[in-house]
Enquirer: 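Quick one: the structure is below, and I'll ask about it shortly.
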Amino acid sequence: MESLNIFNIEVFKTYENEKKLKFFYLAVFLFLLFLGFVFSINIGDFNFLFYKFLTNKYDETEKYVFYNIRFLRSFSAIIIGCGLGLSGAVLQAVLRNPMASPYTLGISQGAAFGASFVIIFLGGGFLSSLGEGVILKGYSVIIGAFIGSITAILIIFFISLLKSFSRNTIILAGISVGAIFSSLTMFMQYFADDIKAAATFFWTFGDISKSKWIMVYMLTPVLVISVFYFVLKGWHLNLFGFGADFLKNSGVNYKKIIIFSFIFVSLTVSLITSFVGIIGFVGLLAPHIARFFSKGDKRFFIIYSFILGGLILLISDVLSRKLFYPSVIPVGIITSFFGIIVLLYIIFKGYDRD
Amino acid sequence: MIEIKNLCFSYGKGRKIFKSLSFAIKEKKLTCIIGPNGCGKSTLTKIISGIISDYSGDVSVKNRNIRELSFFEMSKIVSYLPQKIFYDPDITVIESLISVLSKDFTFEFGPKQKKQIEKAIDRFALHEIKDKKLSEISGGELQRVFIAMSGVRDCEFYVFDEPLNNLDIKNQIDIMSIIKSFSFERTVIAVVHDINMALKFADEIVFMKNGDVLFQIEPLKVSEDMIKKTFDIDCNIINAPKNEKIVLV
C-alpha cells in the first residue's frame, strides 16, 4: 500500500505543470490585451492620450476625445470581441462542432433581420443625420434582434441535437439559415423607404464607431456573469464532447447549460448586432487560437476565447483605422478577410473528425 | 437487482422494439447480453441507464422504479458506456477522467475525486498514456479509457454497450478481464457480439431476439440449439479444459 502511494504522487504531475503553463498563457494574453488597449487609445490625431490621462494633464477637448471617442471605441472593441469570442467558444463546446460561431450558424444574420424588421416596419429607430449611425428608439430594436437570433439558434439546435445530424450538416444548415435571414433583410430593404433602408444597410458591415455607452453598460454585466458561469462549468462542457448518450447518464444538468448558453449567445449577439452590425468570424477565429493553447481543458478554452476575441477585434479595429489612413474602413471587412483565411486553414487541416 | 416488467417500446411510430419484455438481472454478477443486430440490446441498455424514458412498463433498480429517480440520482446508481462515443481530439486521458468526476461549479477536483482518479489509473493500467491526447492513442487504449471513464464513477451498476467493438483478440480479453473484475463487487451488464467472450467471462448469458429474451442461462448450460434459435446458424460447442466451452461456427 505504501509503495502504491509513492507511485501515485506522479499521477497529477504533468497535469499540474500544464496547468501552470496555461495560467502563464492567460497572464500573457491579459498583458497583450492591456498593451493593445493603450496602443489603440493613443493612435489618431491626438497623440499620447493615455499618458495624459494617467498624469491628468489634458485639456477639455482632449478629455472629450479620450472618453467619448477613443476610450469608448477601444473598450467597445474589446467587449464586443470578448462577447463574440465567448459566444463562439460556447457554441463550439455545446454543439461539439469546431466550425460553429454566431456568424457561421446564421445567428448574427438572424439578429440583423430581427432588428431591421423592427426599424422598417415598427419604426424602432432612424438614421442619424449627423453620421452617428442608427439612433435607436427605446429597446424595441434590441428585442427584435433577440427574437431573430433566438429563432436562428433554435433552428440550429433542432437540427443538431434533436436530429443528431453530422457536423457538416449543421454548418450547411447554419449557412442556409444565415442566407435566408440575409435575403429576407434585403427583401425588406428593397421595399422600405430610403432612410430606413439606409439605417439597416449600415449593419451589413459591422462598424465599431457606431457603438454607444448604453451598449457597454448593457453588454458588460452579461459578459461578466457568463464568463464566470462557463469557466466554472468548464469540466461539464468537456463532457459535451463525448456525445449525447454519455452526457445524459453523466449526472450533469446539461439541459440547463444548453438553455443558459442559448440565452447568453442570443443576448450577446443581439446586443452587439443592434448597435454595431454584423461582425463576422471573430467568434470563429478566437476559439481556434484558444484551442491551440488550452488543448482539451475547456475552462481555459473559455477564458482564452474570451480574451483573444477582445484582442483580435481590438487589433482589427486598429488596422481598420490605420490601413487606409486617413479613411477608416468598417472593421467587419478586416475580420471577414482574416476569418476566411482561418476557415480555409480549418478545411485544409481536416478538422472534422466525426 | 434490475427488474424489468412488461416493457413496451418503439421508436416513434416505426419499428416496435419491445412488445412485453419481463426479466431480471442478478446483482454482483457479470451478465452478457447477446443477440442478432437490431434485436433491442442497445435500446435495453439505454432504458436501464435512463437515457430513454418514453417507454411503458416498469424498470426498477434495487426495488426503486427508475421513473422516480432524477437524472442526478440515476447517475449515482447506474454508470453507462454508450456504443457510440465521440471525443474531443485535444483532451488528455487524465482530463477525461477529471471531467467525469467534476461537480457543479467547482474549478478543480477535491481529494476524494483525486483518489478515485488515481485508483482508476492503476486499475485500468493507464499510467503510460495518462497525459496523452485521446487522438494520439490506439483503438484498444481508447476503449480502455472509455471503460475507465465509466468505471471511475462509484456506482452500483455498470452498463457497457458493446465495449469490445473494433478490438483485437488480446484487447478483447484484457477489457473483458477488467469488466469481470468489476463484477466481484458490482453488477455489470455488457452487450457483446462474440459468444466465446460471453462463455468465457459471463456469470449469466441473456439471449435476445426480436425484443424478447429467449434464454437466460449460465455459460456452462448453453447448448447448440439455443444459438441456433437465436442466430439461425449451425454451430458446434466443444468442451475445453478448465471447465470452459468454445463455440465453433
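Each chain gets a letter, A, B and so on, in the order the sequences are listed, and its residues count up from 1.
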Enquirer: So which atom in B:Ile94 and which in A:Val11 form the shortest heavy-atom distance, rounded to 0.1 Å?
Expert: CD1-O, 3.4 Å
Enquirer: So what's closer than 4.5 Å to chain A heavy atoms on B:Leu101: side chain, backbone, both or neither?
Expert: neither
Enquirer: Where along residues 70-84 of chain B does a heavy atom come under 4.5 Å of chain A, listed by residue number?
Expert: B:Phe71, B:Phe72, B:Ser75, B:Val78, B:Ser79, B:Tyr80, B:Leu81, B:Pro82
Enquirer: Near B:Asn65 CG, under 6.0 Å, is it more than 12 heavy atoms from other residues, nucleotides or ligands?
Expert: yes
Enquirer: Sub-4.5 Å heavy-atom contacts with chain B: which residues of residues 299-313 of chain A show up?
Expert: A:Arg299
Enquirer: For atom CD of A:Glu16, decide whether the heavy atoms of other residues, nucleotides or ligands shown that lie under 6.0 angstrom number more than 12.
Expert: yes
Enquirer: By a 4.5 Å heavy-atom criterion (distance strictly below it), what part of B:Asp88 contacts chain A: side chain, backbone, both, or neither?
Expert: both
Enquirer: Does anything in residues 29-54 of chain B get under 4.5 Å of chain A by heavy atoms, and if so which residues?
Expert: B:Lys46, B:Ser49, B:Ile51
Enquirer: To the nearest 0.5 Å, what is the distance between CG on A:Asn238 and OH on B:Tyr87?
Expert: 15.0 Å
Enquirer: Identify, with sequence neighbours excluded, every residue that meets salt bridge (Lys or Arg N to Asp or Glu O under 4.0 Å) alongside B:Lys62.
Expert: B:Glu156
Enquirer: With a 4.5 Å cut-off on heavy-atom pairs, point out which of B:Ser150, B:Ser96, B:Ser99 contacts chain A the most.
Expert: B:Ser99
Enquirer: Out of A:Lys295, A:Glu18, A:Lys298, return the one with the most heavy atom pairs under 4.5 angstrom to chain B.
Expert: A:Lys295
Enquirer: Working to the nearest 0.5 Å, report the span between CG of B:Asp131 and OH of A:Tyr15.
Expert: 11.0 Å
Enquirer: Indicate yes or no: at least one non-hydrogen side-chain atom of B:Ile91 is less than 4.5 angstrom from one of A:Phe242.
Expert: yes
Enquirer: Kindly give the heavy-atom pair with the smallest separation between A:Phe246 and B:Met149, and that separation in Å.
Expert: CZ-CE, 3.6 Å
Enquirer: Please round to the nearest 0.5 Å and tell me the distance separating atom NZ of B:Lys130 and atom CZ of A:Phe12.
Expert: 9.0 Å
Enquirer: For residues B:Arg153 and A:Asn249, report the shortest heavy-atom separation together with the two atoms involved.
Expert: NH2-O, 2.9 Å
